[in-house]
Amino acid sequence: MLKIENLVKSFTTDNGSLDIIKDISFTINHGESVAIVGASGSGKTTLLGLAAGLDIPTSGKVFIDDVDLTLLSEDDKADVRNQKIGFIFQNFQLLPSLTALENVMTPLELQGKSNIKKHALDILEDVGLKGREKHYPTQLSGGEQQRVALARAFVSNPKILFADEPTGNLDDKTSAHVENLLFRMNKENNTTLVIVTHDPLLAKKADRVIVVKDGKIKTD
Ligand SMILES: Nc1ncnc2c1ncn2[C@@H]1O[C@H](COP(=O)(O)OP(=O)(O)OP(=O)(O)O)[C@@H](O)[C@H]1O
Ligand SMILES: [Mg+2]
């Protein structure tokens, strides 16, 4: 379960304080799939980063399974992320000095799992990257990097998966395939999905759509 309570995020700029997230609250139950939509600049990426404990709110609370992330140390938050959270960044954030395979193996190494290479290879094949395992991120196209990022998020079988425009760089066919993988995780593993998207068709597949406008929830 993910519970957001009265979340506020402000940035200090040369022109004073800028409120980006303005008192947002919602609860997402375990196994739910939720699309977050809204105009560019409305605060979707900021909201996702706060919900996943990657960013610190100005005020408000973020609970994952009844644990308040805002009260945890950075180390404890990292533990919660390793154990429960998968995150697909809008700009992928692959580690440039690691190959595709090594990038995908990283979360499993952090969890101290065994037999990780085989598992990572299987997931890379699932996202259509067989034969690209040894490529470094700079040797991959944007869509291929996005699929490595997806594989890295899928590999640890997270309880809750945050995806920031996971199909933003993909062609129709690959995008349909990636959508299937996301919703398969949701159905088969009961993975909670929180997906930011500009794609109305992807949003329609989710159980619920949250529309963000100017840092607030417009409709839920
Ligand atoms: N560190 C920061 N300092 C100041 N302003 C910021 C910072 N990070 C984000 N913003 C501002 O917050 C607003 C929301 O940004 P955010 O990235 O959350 O939007 P978004 O809804 O994800 O947009 P897009 O659909 O284009 O990805 C933007 O106007 C952005 O300029
Ligand atoms: Mg964004």
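All heavy atoms count here, side chains included; hydrogens, waters and symmetry mates do not. Whatever order the structure lists ligands and atoms in, that order sets their numbers, starting from 1.
The heavy atom nearest to atom 24 (P) of ligand 1, out of those in Ser40, Gly49, Gly43, is found in Ser40. Residue Thr46 holds the heavy atom nearest to atom 18 (O) of ligand 1 of all those in Asp19, Thr46, Ile21. Taking only non-hydrogen atoms, the option from Leu48, Thr45, Asp214 nearest to atom 22 (O) of ligand 1 is Thr45.
Heavy atoms of Gly215 come nearer than 4.0 angstrom to ligand 1 in no pair at all.
Contact annotation: Ser40 places no N, O or S atom under 2.8 Å from the Mg ion (ligand 2). Coordination check, Thr45 versus the Mg ion (ligand 2): passed, since an N/O/S atom of the residue sits under 2.8 Å.
Residue Gly38 has no nitrogen or oxygen atom sitting less than 3.5 Å from a nitrogen or oxygen atom of ligand 1, judged on distance alone. Taking only nitrogen or oxygen atoms, main chain and side chain alike, Gln90 reaches within less than 3.5 Å of ligand 1.
No side-chain heavy atom of Leu7 sits under 4.5 Å from any side-chain heavy atom of Asp23.
Of the possible donor and acceptor atoms, one in the side chain of Lys44 sits under 3.5 Å from a partner among the backbone N and O of Gly38.
For Asp66, the CG atom is loosely surrounded, since the number of other residues' heavy atoms within 6.0 Å does not exceed 12.
Between Thr70 and Asp68, the side chains place a donor N or O and an acceptor N or O closer than 3.5 Å (distance only, hydrogens not considered).
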